[in-house]
Amino acid sequence: MSGAGKRLAVIPMKDPRHAKTRLSFALSDGQRARLALGLFRATAARLREAADGLEAQVDLAVVTGSPVIRDVAAALGLRVIDDDGAGALSGAVETAARWAERRGYEALCVLPGDLADPDPAELARLLAFPIGGDAAVICPAKDLGTNALMVPLPCPFGFAYGPKSTVAHRRAAEAAGLRPVVMPLASLRVDIDTAADLHHLPAGHLGRRRLEGAQ
Ligand SMILES: Nc1nc2c(ncn2[C@@H]2O[C@H](COP(=O)(O)OP(=O)(O)OP(=O)(O)O)[C@@H](O)[C@H]2O)c(=O)[nH]1
Ligand SMILES: O=C(O)[C@H](O)COP(=O)(O)O
């Protein structure tokens, strides 16, 4: 099987036209779509840089129902997993986990596509963590969302994305007999949800320029 002895890092990604709705009062529809696509591209590029520097075999994928994202991901060399119209983040990640398990991958690392400024060195540290079959790694967001989750496959618990999902994932991992490892990585604390998060974007970034221009 193509994934034997390897890990799969997957980015769940909506269609940019339907993404970042919490920014709709701060950005136009076009600006939101460009921001969502730009954040996805940046996260994919940093993930590639991290994976290329590792001895451990890590393949990269996106799980999406968006033809736009599918084309961009294929051009970036990512594997494309159809989210089967999951309609919610946990369902899309579950689809990716089943896809990876069928192909023999030993672990799945999930990263959202809206991280503000992920550091490849921190991504590499996460990807290289030796989870074996008995641990799950959780990287908390500043609002206690789950900004990275790495689990053994088959994953013995259900994905529980939503408000304060770090707590839900930690409890679910423990209940399933896994050792939860909370790994607070500074560059993974911020994902772009609200206008206030735009300040965390790199200087000169479209989203930040728009916000500063608007003030
Ligand atoms: N494939 C897939 N990805 C999703 C889904 N829901 C969220 N995502 C992705 O998961 C990551 C985190 O999601 P959110 O923070 O909710 O992003 P968002 O849905 O664009 O933001 P809002 O519209 O403001 O809720 C982003 O990369 C999203 O594109 C889904 O139903 N399917
Ligand atoms: O972290 C999570 O559980 C999901 O990303 C949803 O949280 P968010 O919309 O606050 O990012």
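Indexing begins at 1, ligand by ligand and atom by atom, following the structure's order.
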Practice problem: Give the residue and atom name of whichever protein heavy atom lies nearest to atom 17 (O) of ligand 1, and the separation in Å to one decimal. | Solution: Lys20 NZ, 3.3 Å

Quiz prompt | Amino acids in close contact with ligand 2, where any non-hydrogen atom sits under 4.0 angstrom away | solution = Arg22, Leu89, Asp143, Gly145, Thr146, Tyr161, Gly162, Ser165, Asp191, Asp193

Self-check item: Of Lys20, Lys14, Arg32, the residue whose pairing with Asp114 passes salt bridge (charged side-chain N to carboxylate O under 4.0 Å, His left out)
Solution: Lys20

Quiz item: Which of the atoms in ligand 1, numbered in the order shown and given with their element, are less than 4.0 Å from a heavy-atom of Ala92?
Solution: 1 (N), 2 (C), 32 (N)

Quiz item: Should Leu149 and Leu127 be regarded as members of a common hydrophobic cluster, given that ILVMFWY residues are connected when their side-chain heavy atoms come within less than 4.5 Å of each other, either directly or indirectly?
Solution: no

Quiz item: Which option out of Met13, Arg22, Lys14, His18 puts a heavy atom nearest to atom 24 (O) of ligand 1?
Solution: Arg22

Quiz item: Does the N or O separation between Val63 and ligand 1 drop below 3.5 Å for any pair?
Solution: yes

Which pairs would a plain distance check flag for residues 41-58, meaning a side-chain donor or acceptor within less than 3.5 Å of a matching protein atom at least two apart in sequence or in another chain?
unit_1 : atom_1 : unit_2 : atom_2 : d
Thr43  : OG1    : Leu39  : O      : 3.0
Arg46  : NH1    : Asp117 : OD1    : 2.8
Arg46  : NH1    : Pro118 : O      : 2.6
Arg46  : NH2    : Asp117 : OD1    : 3.3
Arg48  : NH2    : Leu76  : O      : 3.3
Arg48  : NH2    : Gly77  : O      : 3.2

Quiz item: Looking only at N/O atoms, are Gly113 and ligand 1 under 3.5 Å apart anywhere?
Solution: yes

Quiz prompt | Nearest protein heavy atom with distance in Å, relative to atom 23 (O) of ligand 1 | solution = Thr21 OG1, 2.8 Å

Practice problem: Going by the salt bridge (charged side-chain N to carboxylate O under 4.0 Å, His left out) test, name the single residue among Asp197, Asp191, Asp193 that passes it with Lys142. | Solution: Asp197

Quiz prompt | Which residue and heavy atom of the protein sit nearest atom 12 (C) of ligand 1, plus the separation | solution = Asp114 OD2, 3.8 Å

Exercise. Pull out every atom of ligand 1 sitting under 4.0 Å from any heavy atom of Asp193, numbered as shown with elements.
Key: 15 (O)

Quiz item: What residues form a salt bridge (Lys or Arg N to Asp or Glu O under 4.0 Å) with Lys164, not counting sequence neighbours?
Solution: none

Practice problem: Classify the side-chain pair Ser187/Asp119 by whether it contains a donor and acceptor separated by less than 3.5 Å. | Solution: no

Quiz prompt | Summary of ring pair (Phe, Tyr, Trp, His ring centres under 6.0 Å) pairs that have at least one residue in residues 162-194, sequence neighbours excluded | solution = Tyr161-His169

Quiz item: In terms of hydrophobic clustering (I, L, V, M, F, W, Y; side-chain heavy atoms under 4.5 Å; direct or indirect links), are Leu188 and Leu201 co-clustered?
Solution: no

Quiz item: When only distance counts, is Ala88 in polar contact with ligand 1, meaning an N/O pair under 3.5 Å?
Solution: yes

Exercise. State, with a plain yes or no, whether a side-chain heavy atom of Pro16 is found less than 4.5 Å away from one of Ile69.
Key: yes

Self-check item: Thr64: numbered ligand 1 atoms lying under 4.0 Å from its heavy atoms
Solution: 1 (N)

Quiz prompt | Proximity of Pro12 to ligand 1 by residue part, where a heavy atom lies under 4.0 Å | solution = both

Quiz prompt | Selected option - heavy-atom contact closest to atom 2 (C) of ligand 1, from Thr43, Leu111, Ile11, Asp83 | solution = Asp83

Quiz item: Quick one: which ligand 1 atoms are inside 4.0 Å of a heavy atom on Ala19?
Solution: 20 (O)

